[in-house]
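The model shown is predicted, which means the values in this text are computed figures rather than measured ones. Letters go in sequence order (proteins before strands), and every chain restarts at 1.
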Amino acid sequence: MSSIKSRFLNAAASDEAAGAGCRTVFPVRDYDLGATLNSGQTFRWQRREDGWEGVIGSRWVRLRMEADRPGSRRERISFQTSAAAARGRNAGVIVAETAQPLNDWRWLADYLQVGLDLGGVLATFPDDGPMRAAVAACRGLRLLRQDPWECLASFILSSTKQIVQIRRIVALLCERFGDPVMVPNGCEAAFAFPTPERVAAAGESELRACKMGFRAPNLRAAARKVGDGEVDLSRVAGLPTAAARAELMRLPGVGRKIADCVLLFAYGFQAAFPVDVWVMKALRRLYFPRRRVALKRLQQFTETHFGPHAGHAQQYLFHYARVHAKLKE
DNA sequence: TACCAGGAGAGCG
DNA sequence: CGCTCTCATGGT
């Protein structure tokens, strides 16, 4: 453990920029880092003994929570501590480490959305039984703000795949086509998510070798359209929700659900409400028991019932349905 | 073994 | 429209 610290100190000492370091800290409250990184919105994080390791953009990152304890120093949260602490009810900090020293951490604060007033968001949720149960069960669950291309490509690969499998496909894609990124001494090699240009240049059989099956031609064609500017991902951010969704749906392999995932997880459109099989099950069971409701009708319901932060409500329902066996049926 | 997985898109009546 | 089928692969 101390050897890890000294490695980072050495790396920091070699930096020419004064004040730059390989570590920073974000004070947070109600932030369940584990649930957030493992709730099916991103597929790049691996749980290690000392936190979570992943790649954001072209940077290797390690994250872990430390909780504030009354009357004592901050205590590292092990994964075996009390459920209350693990759910992030306590105030604490997110400790972040990178492989190279930095003096500007805004990119990470933005990714983690540490500035969000979660209580304010939760207060806008409808005051009904299902929502109360989901919030109580998933306190501290957050939405990240991811890179649009990585998010889009990942969800093109997600259709009818289990989350563990999506992670594996994305990992293979990055290993084979992504640029290697700097990692601390002794850490496993890590790779950036491949650019649209690189994916478009890959052969379909090379992509299929990453176990993505029939999704390969869709990913490749979408990469080409994004790479050559036929669909401009940077423009989507400034569009009204419906137009932004329609723009994304011009891409092959992107329907309503995947478009909404990208709108919510990458662009932060709060009205986007992706309805997948889990959310559909949860909605039917919790809000329309013993009634046959079509997907279209369910979508109309989600547009009016969950308020201005419907997307957040969706993530709570999704995680609640997935984690709690009662809803699995 | 059979069924299902953070779906999309074509083909059908 | 609204429904059904297929697509590729692996987990449970």
Item to complete: Using whole Å, report how far CZ of A:R245 lies from P of B:dA8.
Response: 12 Å

Worksheet entry | Per-pair stack call A:W278 and B:dG6, 5.5 Å, 30° | no

Worksheet entry | Nearest-Å distance for atom pair CE/C1', residues A:M249 and B:dG7 | 11 Å

Worksheet item: Which parts of residues 198-224 of chain A get close to DNA chain B, meaning a heavy atom less than 4.0 angstrom away?
Response: A:F214

Response to the item:
Atom CD1 of A:I163 and atom P of C:dG11 are separated, to the nearest Å, by 15 Å

Worksheet item: How are the rings of A:F301 and A:F288 set to each other: parallel, tilted or perpendicular (split at 30° and 60°)?
Response: perpendicular

Worksheet item: When you look at NZ of A:K211, are more than 12 heavy atoms from neighbouring residues, nucleotides or ligands closer to it than 6.0 Å?
Response: no

Practice prompt. Using a 4.5 Å cut-off on heavy atoms from C-beta on, say whether the side chain of A:K161 contacts that of A:R215.
Written response: yes

Fill in: Most 5' of A:L251 and A:F155 on DNA chain B, judged by nearest nucleotide
A:F155

Discussion item. At 4.0 Å (heavy atoms only), tell me whether A:G253 reaches a base, stays on the sugar-phosphate, or touches nothing.
Written reply: sugar-phosphate

Worksheet item: Is the distance between the ring centroids of A:F155 and A:F265 less than 6.0 Å?
Response: yes

Worksheet item: Is the shortest heavy-atom distance from the side chain of A:R322 to the side chain of A:I163 under 4.5 Å?
Response: yes

Discussion item. Output the rounded distance in Å from CD (A:Q162) to P (B:dC4).
Written reply: 12 Å

Discussion item. Ring-plane angle category for A:W107 and A:W105, please: parallel below 30°, perpendicular beyond 60°, tilted otherwise.
Written reply: parallel

Worksheet item: What integer number of Å spans the C1' atoms of C:dG2 and B:dG6?
Response: 23 Å

Quick one: which protein N/O atoms are closer than 3.5 Å to N/O atoms of nucleotides 1-6 of chain C? Pair and distance per line, please.
unit_1, atom_1, unit_2, atom_2, d
C:dC3, OP1, A:R292, NH2, 2.9

Item to complete: Could you tell me whether A:S158 contacts a base, only the sugar-phosphate backbone, or nothing, with contacts defined as non-hydrogen atoms closer than 4.0 Å?
Response: sugar-phosphate

Worksheet entry | Donor-acceptor pair (no angle test) under 3.5 Å: A:Q315 side chain, B:dG6 base | yes

Discussion item. I'd like to know if the side chain of A:R142 and the backbone of A:D30 have a donor-acceptor N/O pair within less than 3.5 Å.
Written reply: yes

Worksheet item: Rounded to the nearest Å, what distance is computed from the CZ atom of residue A:F273 to the P atom of nucleotide B:dG6?
Response: 17 Å

Worksheet item: Nearest-Å distance, CG (A:L157) to P (B:dA5)?
Response: 18 Å

Discussion item. Rounding to an integer number of Å, can you tell me how far A:L295 CG sits from B:dG6 C1'?
Written reply: 13 Å

Fill in: Spacing between A:I258 atom CD1 and B:dA5 atom P, to the nearest angstrom
15 Å

Worksheet item: Under 4.0 Å between a side-chain N/O of A:K281 and OP1 or OP2 of B:dC4, yes or no?
Response: no

Discussion item. Just by distance, no angles: are the side chains of A:T302 and A:Q314 close enough, under 3.5 Å, to form a donor-acceptor pair?
Written reply: no

Item to complete: Run through A:R256, A:R297, A:K296 and flag the one making a salt bridge (Lys or Arg N to Asp or Glu O under 4.0 Å) with A:E303.
Response: A:R256

Worksheet, complete the sentence: A:V279 has its side chain closest, among B:dG6, C:dG11, C:dT9, to B:dG6

Item to complete: Hey, can you tell me if A:Y267 and A:F269 have their rings parallel, tilted or perpendicular (30° and 60° cut-offs)?
Response: perpendicular

Practice prompt. Please work out if A:S154 contacts a base, only the sugar-phosphate, or nothing of the nucleic acid, heavy-atom cut-off 4.0 Å.
Written response: nothing

Worksheet item: Out of B:dA8, C:dA8, B:dG6, which nucleotide sits closest to the side chain of A:F265?
Response: B:dG6

